[in-house]
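Reviewing the structure listed below.
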Amino acid sequence: MSQTFKVTVLPGDGIGPEVVEEALRVLKVVEELENVTFSFEYARIGGIAIDEDGTPLPQETLDKARRSDAVLLGAVGGPKWDNNPGHLRPETGLLGIRKELGLYANLRPAFMLDCMVEVSSLKEEVVKGVDLMVIRELTGGLYFGEKKRYQAEQGEVASDELIYHEYEIERIVRRAFEVARLRSKRLVSVDKANVLESSRLWRKVVDRLASEYPDVELRHQLVDSCAMELIRYPKQFDTIVTENMFGDILSDEASMLTGSIGMLPSASLADGNFGLYEPVHGSAPDIAGKGIANPTATILSAAMMLRYSFGLEKAANAIEAAVHKVLNSGVRTGDIAKNKEEAVGTKEMSAKIIEEVKQVYTKA
Ligand code: IPM
Ligand code: MN
């Protein structure tokens with residue numbers, strides 16, 4: 001009997017369903033190659049769940065996710081729900097599932113393939129060879145602290161609490177040291193310790209843990225300086241670890257070093273092997289339903305799922321190598337094509353990747 005992995009599939013909104021479908025096609029091929037079985041169970045999140053269930057994160061979705069080994073998500077959001085109140089916004093579903101499932105470690109790689117250098121808005125010598133990983137704390141900090149809104153004498157007041165517990169810092173920083181160890185053993189911890197108390201605790205915890213990872217070279221950096229250095233000389237970075245809000249901003253910045261957010265995957269991991277995998281890009285409502293979205297980021301997210309949740313490293317590597325080969329051969333979707341007339345559609349892109357996955361896997 002082959003091993004079975006249960007995957008909850010959350011296509012979401014906009015181009016989400018289109019790109020997720022292509023990632024599932026790739027996983028179907030992996031089933032044959034690895035002699036494993038994936039059982040896919042669909043559920044709703046985001047705008048579509050607001051429309052159908054009256055909430056961006058239905059209980060049924062959480063129940064299904066909890067019963068599964070991993071979650072594959074497309075994207076949430078769109079102009080249709082932009083003016084909804086907070087609890088009826090698609091993004092609230094995303095924040096809710098992260099918190100409910102304890103997905104505290106968000107891994108966001110940003111890599112530049114040589115054949116993609118021309119797509120970046122930055123100079124070739126700056127971006128060629130960039131290969132870094134932003135590890136963002138995902139269930140604490142400003143996003144989840146107490147929010148207040150009240151009337152004072154001088155007018156309305158709003159506040160968001162930035163709170164971190166030592167254990168929250170410790171578990172994300174440990175993950176980061178471990179990831180850095182498997183990369184090039186260089187870790188930069190980013191904070192604002194010259195101003196924020198939560199950052200001073202962050203730094204203290206990082207320093208305490210550093211003695212357990214003597215093989216990893218550690219550096220602290222203030223977030224403003226890191227933002228600047230990321231653009232000036234990005235190749236100095238390998239693994240970056242930081243709190244939720246800084247990580248949100250720095251990971252978007254890092255993604256643009258590669259010039260194409262349509263290619264970047266992410267993993268949001270809990271303790272153990274459970275994780276949620278999604279492309280870094282959003283729901284791109286302007287191109288939804290046209291069959292032109294780039295499925296690469298979601299396919300690479302599925303590869304991360306194989307690696308981090310299922311331990312299928314060989315298949316993960318094969319998918320990544322296949323993507324590189326296809327891009328190298330000049331096949332491009334519209335978002336990354338030099339010559340827009342020659343761009344291929346969503347399905348054609350994934351068909352090319354699938355062809356290569358089979359070849360690369362059997363040769364490896
Ligand atoms: C992201 C997104 C989300 C975040 C939004 C949609 C809530 O920007 O995953 O980075 O800020 O975390
Ligand atoms: Mn973001």
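When reading the values below, keep in mind they use all heavy atoms of this one structure, side chains included, and skip hydrogens, waters and symmetry mates. Just so you know, ligand 1 is whichever comes first in the structure, and atom 1 is the first atom listed for that ligand.
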Within-2.8 Å protein N/O/S contacts of the Mn ion (ligand 2):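 Listed by chain and number, the atoms are Asp248 OD1.
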Nearest atoms (heavy-atom pairs only) where Leu269 meets Gly275: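 For Leu269 versus Gly275, the nearest heavy atoms are CD2-CA, 4.1 Å.
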Linked hydrophobic residues, Leu88 as query - side chain contacts closer than 4.5 Å: Ile50, Trp81
Transitive ILVMFWY cluster of Leu62, excluding itself - 4.5 Å side-chain cut-off: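 Leu10, Ile45, Leu57, Val71, Leu73, Val76, Leu94, Ile97, Leu101, Leu103, Phe274, Leu276, all in the cluster of Leu62.
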Aromatic ring pairing His324/Phe111, orientation class (parallel under 30°, perpendicular over 60°, tilted between): tilted
Pairwise, report which nitrogen or oxygen atoms of ligand 1 are under 3.5 angstrom from protein nitrogen or oxygen atoms, and how far apart they are.
| from | atom 1 | to | atom 2 | distance (Å) |
| --- | --- | --- | --- | --- |
| ligand 1 | 8 (O) | Asp248 | OD1 | 3.4 |
| ligand 1 | 9 (O) | Arg98 | NH2 | 2.7 |
| ligand 1 | 9 (O) | Arg108 | NH2 | 2.8 |
| ligand 1 | 10 (O) | Arg108 | NH1 | 3.2 |
| ligand 1 | 10 (O) | Arg108 | NH2 | 3.0 |
| ligand 1 | 10 (O) | Arg136 | NH1 | 3.2 |
| ligand 1 | 10 (O) | Asp248 | OD1 | 2.9 |
| ligand 1 | 11 (O) | Tyr143 | OH | 2.6 |
| ligand 1 | 11 (O) | Asp248 | OD1 | 3.4 |
| ligand 1 | 12 (O) | Arg98 | NH1 | 2.8 |
| ligand 1 | 12 (O) | Arg136 | NH1 | 3.3 |
| ligand 1 | 12 (O) | Arg136 | NH2 | 2.8 |

Electrostatic pair Arg174:Glu170 at N-O distance under 4.0 angstrom: yes
Ionic contact status for Lys325 with Glu356, cut-off 4.0 Å: yes
Over 12 non-hydrogen atoms of neighbours within 6.0 angstrom of CE in Met245: no
Residue Asn83 excluded, over 12 heavy atoms near CG under 6.0 Å: no
Aromatic ring proximity Phe38/Phe310, centre distance under 6.0 Å: yes
